[in-house]
Amino acid sequence: GWKPILESLQYTAKSSVESIVLKTYQLVTNDIAKEHFESVLAQDDSFAELVGVFREITKNKKYQKLSLHSLEALKKITQKIAAICFKEDSKQLLHGKDLFNDVWLPVLFCFNDTIMTAEDLEVRSRALNYMFDALVAYGREFDDEFWEKICTKLLFPIFGVLSKHWEVNQFNSHDDLSVWLSTTLIQALRNMIALFTHYFSSLNKMLDGFLGLLVSCICQENDTIARIGRSCFQQLIIQNMARFDKSHWVQIGDAFGKLFDLTTASELFEYDPLQQGRRTSETVATSTGTNVASVDQELERAHKEEGGEDVGNASAESAKPPKRLVKTKSSEDLRKRISVKNAIVVKCVLQLLMIESLSELFENEDFFNNIPYQEVIRMTSLLEKSYEFARDFNDDYELRTRLVDARVVDKVPNLLKQETSASAVLINIMFKLYLNNESEPEETKNHLLKRLISVCIDIVKRYAALDESTMERNINTWRPVIVEILQGYYEFDDADFKTHCAVMYDLVMQILDKSVPGDLRHAVKVFLTRTGELYL
């Protein structure tokens with residue numbers, strides 16, 4: 001039997017003496033794999049032992065050249081077994097064997113094990129390519145059950161290191177892991193998405209597993225992985241959107257829900273020294289006995305004095321964890337403070353990335369035409385929650401100064417970018433829905449319109465109340481959103497415009513008290529022209 005011989009060769013394959021490893025390689029390649037392949041294949045378990053010898057050589061970290069040769073030999077073996085397995089007349093060779101579990105799984109596992117454990121970057125990268133090449137080349141012969149095994153036993157575990165959101169930074173000290181993440185892992189992720197699209201009919205049942213990987217990739221402190229994860233998530237959706245059914249869309253909605261949830265910087269309210277929790281804008285205004293505008297003036301003054309920072313508008317640079325500080329007596333406290341500060345910045349950056357993702361997807365007409373109405377409504381409520389979170393935080397000036405005093409953050413923080421971009425994308429999608437919902441029942445349309453009008457009025461009111469002498473930055477950031485609202489109103493049909501233009505007309509008059517640059521002037525003109533056409 002071949003088994004004992006191959007077991008002893010696995011032992012010599014691990015040797016640290018080059019001549020022994022070379023001899024082992026030559027023996028399995030030139031002698032056993034070439035001359036006796038079919039007899040090894042026919043014997044119980046011997047085939048798994050044969051590929052095991054090649055696997056041990058690829059993982060032998062001392063001899064990169066032999067490792068690469070060994071991978072080539074494994075690649076040839078996959079071609080050989082494909083020629084045998086998928087031909088009717090050669091199936092008698094495999095009598096009593098389970099084609100997938102006894103033949104394909106051991107070979108694919110060799111590649112997988114090398115990807116996960118080899119130290120050499122080129123060896124890992126090539127093993128990854130060969131594994132995916134084999135899956136693409138021969139996957140049409142695999143049944144769904146075998147695909148499920150491949151995903152759960154070989155593919156998903158490659159990403160296991162990411163399963164704890166936000167915690168991979170414990171490896172920042174180990175360069176090898178961060179190299180592994182930013183090379184092998186990203187390469188694997190791109191291959192996964194291509195594979196999913198290629199074998200959609202077999203793999204769509206496992207969409208949840210694929211989405212889980214993408215969520216894990218996006219929720220990382222490592223900015224590179226987060227961004228690649230985000231672009232792969234969009235690829236997966238765009239490449240397959242015409243084939244998704246209702247249940248797939250629900251899973252995609254769930255994934256977005258999870259992402260918005262995981263990237264909400266709830267620490268901003270949780271670490272309030274007074275533990276007041278999140279208060280809505282109204283409560284803040286009444287409890288401080290001031291209206292929002294004067295809170296904003298306070299805030300802008302502080303902004304000028306402290307250079308208040310727009311959290312999340314940070315570049316990728318600032319999303320990287322700071323250098324470890326010198327250990328002090330309370331180094332534990334210090335570490336905790338740094339990690340809270342980091343978490344806040346990273347989450348805010350990623351929440352902006354999620355808002356941007358929805359914006360880009362909805363610019364794609366095919367996406368908009370494929371996604372079910374209910375799921376679009378779900379996306380709008382995610383954006384609305386994001387907008388309200390940022391708004392409530394920005395309005396609570398006292399909380400924001402307490403966070404600085406408690407040294408949770410360094411400067412008075414604000415979420416202006418999140419507030420404006422979430423609301424802009426929200427309004428954009430809702431106007432789009434309003435213009436394209438002929439098939440929806442009347443009640444649904446009315447509900448949508450009511451939500452849309454209420455968000456628009458809220459935003460324009462707040463804009464009209466901003467003080468030009470102190471709030472220039474806020475005014476400039478909000479202006480494009482106001483332009484979008486006024487242009488959207490122009491699109492209403494006559495009946496809806498008549499019903500809703502009066503309130504907006506008063507607000508537009510208040511806007512005219514401020515300076516009105518070109519883009520805003522044009523939008524005001526469009527709105528007033530429409531009003532004139534209907535009433536004069």
Item to complete: Show the numbers, then the answer: is there a side chain to side chain contact (heavy atoms under 4.5 Å, CB included) between Tyr373 and Thr444?
Response: CA-CA 10 Å; Tyr373 186 86; Thr444 314; 3.3 Å; yes
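- Distance alone, capped at 3.5 Å, places no donor-acceptor pair between the Asn428 side chain and the Ala424 backbone.
- Considering only heavy atoms from C-beta on, Leu155 comes within 4.5 Å of Leu195 through its side chain.
- Looking only at distances, no side-chain donor or acceptor of Thr114 sits under 3.5 Å from a matching main-chain atom of Arg124.
- With Ser216 contributing its side chain and Gly212 its backbone, the two residues share a donor-acceptor pair below 3.5 Å.
- With rounding to the nearest 0.5 Å, the separation of OG in Ser266 from CD1 in Ile344 is 9.0 Å.
- For the atom pair NZ of Lys75 and NZ of Lys80, the computed distance is 15.0 Å after rounding to the nearest 0.5 Å.
- Closest heavy-atom contact between Asn414 and Phe393: CA-CE2, 4.1 Å.
- Between Glu267 and Lys341 there is no salt bridge, since none of the side-chain N atoms of the basic residue sits less than 4.0 Å from a carboxylate O of the acidic one.
- Shortest non-hydrogen contact noted between Gln220 and Ala226 is O-CB, 4.0 Å.
- At least one donor-acceptor pair under 3.5 Å links the side chain of Thr380 to the backbone N or O of Ile377.
- Note on Arg378 versus Asp254: salt bridge recorded, some NZ/NE/NH1/NH2 to OD/OE distance being below 4.0 Å.
- Looking at every heavy atom in both residues, Met131 comes nearest to Leu108 through SD-O, 4.0 Å.
- Between Gln239 and Thr197, the shortest heavy-atom contact is OE1-OG1, 2.9 Å.
- By the 4.5 Å heavy-atom criterion applied to side chains, Phe196 and Met206 are not counted as neighbours.
- Surrounding CD of Glu365 are more than 12 heavy atoms belonging to other residues, nucleotides or ligands, all under 6.0 Å away.
- Relative ring orientation between Phe244 and Trp249 is described as perpendicular, the plane-to-plane angle rising above 60° on a 0-90° scale split at 30° and 60°.
- A 6.0 Å sphere centred on NZ of Lys61 holds no more than 12 heavy atoms belonging to other residues, nucleotides or ligands.
- When ring centroids are compared, His198 and Phe132 stay outside the 6.0 Å threshold.
- Residue Met241 comes nearest to Ile238 through the heavy atom pair CG-O, 3.6 Å, listed as atom of the first residue, atom of the second, then distance.
- Residues Leu71 and Phe111 have side chains in contact (heavy-atom distance under 4.5 Å, counting atoms from C-beta outward).
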Worksheet item: Should Glu375 and Lys246 be marked as a side chain to side chain contact (heavy atoms under 4.5 Å, CB included) after you check the CA-CA gap, both sets of side-chain angles, and the distance that decides it?
Response: CA-CA 9 Å; Glu375 290 310 309; Lys246 237 193 175 99; over 6 Å; no
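- A donor-acceptor contact closer than 3.5 angstrom is absent between the side chains of Arg391 and Ser423.
- Contact check on Glu145 versus Lys149 returns no salt bridge, with no Lys/Arg side-chain nitrogen under 4.0 Å from an Asp/Glu carboxylate oxygen.
- Distance check: Ile429 CD1 to Leu448 CG gives 11.5 Å after rounding to the nearest 0.5 Å.
- Under the 30°/60° scheme for interplanar angles, the aromatic rings of Phe256 and Phe260 are found to be tilted.
- Between the CE atom of Met192 and the CD1 atom of Ile158 there is a distance of 7.0 Å, given to the nearest 0.5 Å.
- Residues Leu352 and Gln418 meet the side-chain proximity criterion, which asks for heavy atoms closer than 4.5 Å.
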Worksheet item: Does the side chain to side chain contact (heavy atoms under 4.5 Å, CB included) test come out yes or no for Asp261 and Lys385, once each step is laid out?
Response: CA-CA 10 Å; Asp261 197 37; Lys385 262 169 65 181; 5.5 Å; no
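- The shortest side-chain heavy-atom distance between Val349 and Val346 does not fall under the 4.5 Å cut-off.
- Put simply, the side chain of Leu433 reaches to within 4.5 Å of the side chain of Phe368, judged on heavy atoms.
- Residues Tyr271 and Val409 have side chains not in contact (no heavy-atom distance under 4.5 Å, counting atoms from C-beta outward).
- Aromatic ring pairs are classed by plane angle as parallel below 30°, tilted from 30° to 60° and perpendicular above 60°; the pair Tyr199 and Trp147 is tilted.
- To the nearest 0.5 angstrom, Asn204 atom CG is 8.0 Å from Ser247 atom OG.
- Here the side chain of Thr152 pairs a donor or acceptor atom with the backbone of Glu148 at under 3.5 angstrom.
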Discussion item. The test is side chain to side chain contact (heavy atoms under 4.5 Å, CB included); show your working for Arg126 and Tyr130 and say whether it passes.
Written reply: CA-CA 6 Å; Arg126 198 170 296 182; Tyr130 287 173; 3.3 Å; yes
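- With contacts defined as side-chain heavy-atom distances shorter than 4.5 Å, the pair Ile371/Met379 qualifies.
- Using modelled atom types, one finds a donor on one side chain and an acceptor on the other under 3.5 Å when comparing Gln234 with Ser357.
- Of the possible donor and acceptor atoms, none in the side chain of Asn364 sits under 3.5 Å from a partner among the backbone N and O of Leu361.
- A donor-acceptor contact shorter than 3.5 Å links the side chain of Asn112 to the backbone of Leu154.
- Atom NZ of Lys432 is surrounded by more than 12 heavy atoms from other residues, nucleotides or ligands within 6.0 Å.
- Ring geometry for Tyr138 versus Trp104: interplanar angle of 30 to 60°, hence tilted.
- Side-chain polar atoms of Asn129 and Gln187 form a donor-acceptor pair below 3.5 angstrom.
- The closest donor-acceptor contact from the side chain of Ser70 to the backbone of Phe54 lies under 3.5 Å.
- Separation of atoms CG (Leu162) and CG (Asn222) is listed at 9.0 Å; rounding is to 0.5 Å.
- Taking every heavy atom of both residues into account, Val123 and Ala118 meet most closely at CG1-CB, 4.0 Å.
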